[in-house]
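Sequence lines set the chain letters: A, B, ... in the order given, protein chains first and strands last, and positions in each chain run from 1.
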Amino acid sequence: MEGRRVEMSQIRKGPWKAEEDEMLINHVNKHGPRDWSSIRSKGLLQRTGKSCRLRWVNKLRPNLKNGCKFTAEEERMVIELQAEFGNKWAKIATYLPGRTDNDVKNFWSSRQKRLARILQKSGTPSSSSSSKLLKMKKEIPGFHDVPVEY
DNA sequence: AAGTCCTGCAACCGCAACTGG
DNA sequence: CCCAGTTGCGGTTGCAGGACT
């Protein structure tokens, strides 16, 4: 039996294909980075306006630092700005050329998890025996840039 | 060599904020 | 002013691929 019928919604979700990217870039080149929902109403793509905007802002826009890790300098800035503004990722991203709010958010989230792991390991003595989740045996990578509390 | 476990990232969701009719 | 549609934001999740056993 066929599981799901082909989406009645006719709205595509998930990873973007190269042709979709091309179509989106083309639209932005013609009309600028706006009118996102017209892309679907004109039948150019089966994506929601939200999805188009997100794709453009995070991956297609020119001058993005895609796929390269945050530098120590960028890391310092994020920490500092987060302390000042809180989780205002879009605002923080405006201080970091080539980085998006999603980049900053992901960076922060990963960092938080990393810190939590380290705390768990060094902090609570009893926890070391509890679950298999705690078998982070080897020393934490990048221990040098850890807390830096302010 | 082959699972299994983790991690990081792309993209989603819900709601808030804005816009124009 | 209200309402409907659109855009912006922050939190969250699913999964591909690397690390570990």
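If you take CD of A:Gln112 and C1' of B:dG8, they are 15 Å apart, rounded to a whole angstrom. Atom pair A:Arg99:CZ and B:dC9:C1' shows a separation of 13 Å (rounding to whole Å applied). Atom CZ in A:Arg47 sits roughly 8 Å away from atom P in B:dA11 (whole-Å rounding). If you measure from atom CZ of A:Arg12 to atom P of B:dA10, you get 17 Å, rounded to the nearest angstrom.
Within residues 58-70 of chain A, the residues approached by DNA chain B to less than 4.0 Å at the level of any non-hydrogen atom are A:Lys59, in residue-number order.
A:Arg55 has no side-chain polar atom (N or O) that falls below the 4.0 Å cut-off from OP1 or OP2 of B:dC12. Taking only side-chain nitrogens and oxygens, A:Arg117 comes nearer than 4.0 Å to OP1 or OP2 of B:dT7.
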Checklist line | Protein proximity profile, nucleotides 2-13 of chain C - base contact B, sugar-phosphate-only contact S, no contact -, cut-off 4.0 Å on heavy atoms | finding: ----SBBSBB--
Quick one: side chains of residues 85-99 of chain A, donor-acceptor pairs under 3.5 Å with protein atoms, not counting sequence neighbours, listed by atom name and distance.
| residue | atom | partner | partner atom | Å |
| --- | --- | --- | --- | --- |
| A:Asn87 | OD1 | A:Gln82 | NE2 | 2.7 |
| A:Thr94 | OG1 | A:Lys91 | O | 2.5 |
| A:Arg99 | NE | A:Glu74 | OE2 | 3.0 |
| A:Arg99 | NH1 | A:Lys65 | O | 3.0 |
| A:Arg99 | NH1 | A:Cys68 | O | 3.0 |
| A:Arg99 | NH2 | A:Cys68 | O | 3.0 |
| A:Arg99 | NH2 | A:Lys69 | O | 3.1 |
| A:Arg99 | NH2 | A:Glu74 | OE1 | 3.0 |

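Figure legend: cation-pi geometry between A:Arg47 and A:Trp16, with NZ or CZ positioned under 6.0 Å from the six-membered ring centre and within 45° of its axis.
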Next item on the list: Carefully, step by step, assess A:Asn66 and A:Lys59 under the rule side chain to side chain contact (heavy atoms under 4.5 Å, CB included).
Entry: CA-CA 7 Å; A:Asn66 261 9; A:Lys59 304 306 292 183; 3.3 Å; yes
Next item on the list: Tell me, with the steps shown, if A:Glu73 and A:Arg76 meet salt bridge (Lys or Arg N to Asp or Glu O under 4.0 Å).
Entry: CA-CA 5 Å; A:Glu73 174 63 17; A:Arg76 262 180 247 120; 2.5 Å; yes
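In this structure the side chain of A:Arg55 never reaches within 4.5 angstrom of the side chain of A:Arg61, judged on heavy atoms. The closest side-chain heavy-atom distance from A:Lys30 to A:His27 is not below 4.5 Å. By the 4.5 Å heavy-atom criterion applied to side chains, A:Trp36 and A:Thr48 are not counted as neighbours.
For the residue pair A:Thr100 and A:Asn58, the shortest heavy atom distance occurs at OG1-OD1, 3.0 Å.
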